[in-house]
Visitor: 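Can you read through this structure? Questions will come right after.
Lettering follows sequence order; numbering is per chain, from 1.
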Number of protein chains: 2
Amino acid sequence: MSDIFFISIFDTNYNMFSKASEYGIRAAIHLAHLSKKGERCSLRQVAKAIDSPVAFTAKVLQLLARDGIIVSFQGPTGGYEIPKESLSLVHLSDIVKAIDGDSIYNGCGLGLESCNEKKPCPLHFQFKSIRDELKEMLQTTSVQELAKGLEYGMAFLKR
Amino acid sequence: MSDIFFISIFDTNYNMFSKASEYGIRAAIHLAHLSKKGERCSLRQVAKAIDSPVAFTAKVLQLLARDGIIVSFQGPTGGYEIPKESLSLVHLSDIVKAIDGDSIYNGCGLGLESCNEKKPCPLHFQFKSIRDELKEMLQTTSVQELAKGLEYGMAFLKR
DNA sequence: TGTAAATCGGATAATATCATCCAATATAAT
DNA sequence: ATTATATTGGATGATATTATCCGATTTACA
Ligand code: FES
Ligand code: FES
């Protein structure tokens, strides 16, 4: 009859990645998709394709460009692209690292200063196992690979 | 000679769990540790044991108490404890769910409205694999189990 | 050379998360 | 009964993250 509502003091929401990283990954996949066809893409087009706020996406793309993960061009006909040669070299770990830093590699699951095998938190070994798999996945998954899913409408960057 | 400094616009920091969840898990492990010995623990003692801000920890413990994960007692000799009977029944998933909600069960890794196999994001299958393992780990790991690590100084809740 | 279209970069605003403060309530012990 | 000690709950403050705005710069093209 009546549902139970959980009225929480906190509105915290679990998120594996930060918004910035999410946009960064989505954008990179879209750019990879177009770059494969030799097409360049403007900020506005990227934001539309991945359904993200334009100005914020600009900041994220700037970070990726500074890190050399994508290449930016100013002026008319400008925009962003990923050079064909490096298309297979861009992995998710590069993007996350450029945006969120490398705390993913040394962070403790329970929030201790840093993950330390010598003085581990109680969750260390269980957590490390998962974190290592996540790390491995990010390091071995290329944007090119993920862009393939877009080609035949098998995957989507927005809904 | 000189290091390269990454001066980022963002200061985002990768974190698997929210601070609230981190404190919640740490606190629950400490309470489990003491409850096994039949001891009750005050807010102040909890905060000291897990090196967390007192007032904020109070809010987190309140949430856990409301959800019946821990039991609170007011007045002198008051504090928090986990009934011995339920000690083996409290899993990390209960704590995370009480604090961060269940977006961990249905969230999309790339930030789409929700994870949806029918219209998946390009990272869906890789992400789902990891998320399912994390979920499984949280659902099968009890605070009692983790408290054991504390007993012989094999694990630590602060440094 | 001028103009329009694009990114860049700095400042600022909005929101969410993290954290603190304090009065109210409950209760054990004197 | 009174007092001291503890959690509760509401309001508020601080910080981090997300988001926007706008002038400056770059550059293709007429
Ligand atoms: S010490 Fe906590 S995850 Fe390694
Ligand atoms: S749709 Fe993105 S993780 Fe399932």
Visitor: dT7(D) P sits how many Å from Leu31(B) CG, rounded?
Guide: 11 Å
Visitor: Check whether NZ of the Lys or CZ of the Arg Arg40(A) lies under 6.0 Å from the centre of the six-membered ring of Tyr80(A) and within 45 degrees of that ring's axis.
Guide: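 Not flagged: Arg40(A) not positioned over aromatic ring of Tyr80(A).
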Visitor: Is it possible for you to say whether Leu31(A) and Val54(A) belong to one hydrophobic cluster, with membership spreading through side-chain heavy-atom contacts below 4.5 Å?
Guide: yes
Visitor: In whole angstrom, give the distance that lies between atom CD1 of Ile99(A) and atom C1' of dA16(D).
Guide: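 Result: 17 Å.
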Visitor: Closest approach of Pro120(A) and Arg159(B), non-hydrogen atoms and distance?
Guide: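 Looking at all heavy atoms of both residues, the shortest contact is CA-NH2, 4.4 Å.
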Visitor: Output the single nucleotide from dA19(C), dT20(D), dT7(D) whose closest atom is nearest the side chain of Pro53(A).
Guide: dT20(D)
Visitor: If you restrict it to nitrogen or oxygen atoms, what contacts under 3.5 Å exist between nucleotides 28-30 of chain D and the protein, and what is each distance?
Guide:
none

Visitor: Could you give the CG-to-C1' distance, from Leu61(A) to dG9(C), as a whole number of Å?
Guide: 14 Å
Visitor: Are any of Tyr23(B)'s side-chain N or O atoms less than 4.0 Å away from OP1 or OP2 of dC18(C)?
Guide: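 No, no such contact exists.
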Visitor: Please determine whether salt bridge (charged side-chain N to carboxylate O under 4.0 Å, His left out) holds for the pair Lys148(B) and Glu151(B), giving the CA-CA distance in whole Å, both sets of side-chain angles, and the decisive distance to 0.1 Å.
Guide: CA-CA 5 Å; Lys148(B) 282 182 193 161; Glu151(B) 278 168 26; over 6 Å; no
Visitor: Is any side-chain nitrogen or oxygen of Gln62(A) closer than 4.0 Å to OP1 or OP2 of dT7(C)?
Guide: no
Visitor: In residues 38-45 of chain B, what residues come within less than 4.0 Å of DNA chain D, judged by heavy atoms?
Guide: Ser42(B), Leu43(B)
Visitor: Please enumerate all residues that pass ring-ring contact (aromatic ring centres under 6.0 Å, His included) together with Tyr23(B), with sequence neighbours excluded.
Guide: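 Counting only residues at least two positions away or on another chain, Tyr23(B) forms a ring-ring contact (aromatic ring centres under 6.0 Å, His included) with Phe56(B).
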Visitor: Which nucleotide sits closest to the side chain of Lys59(A): dT7(D), dT20(D), dA19(C)?
Guide: dT20(D)
Visitor: Taking atom C1' of dA19(C) as reference, at what distance in whole Å does atom CD of Glu22(B) sit?
Guide: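 About 15 Å, once rounded to whole Å.
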Visitor: Whole Å only: how far is the CZ atom of Phe56(A) from the P atom of dT7(C)?
Guide: 17 Å
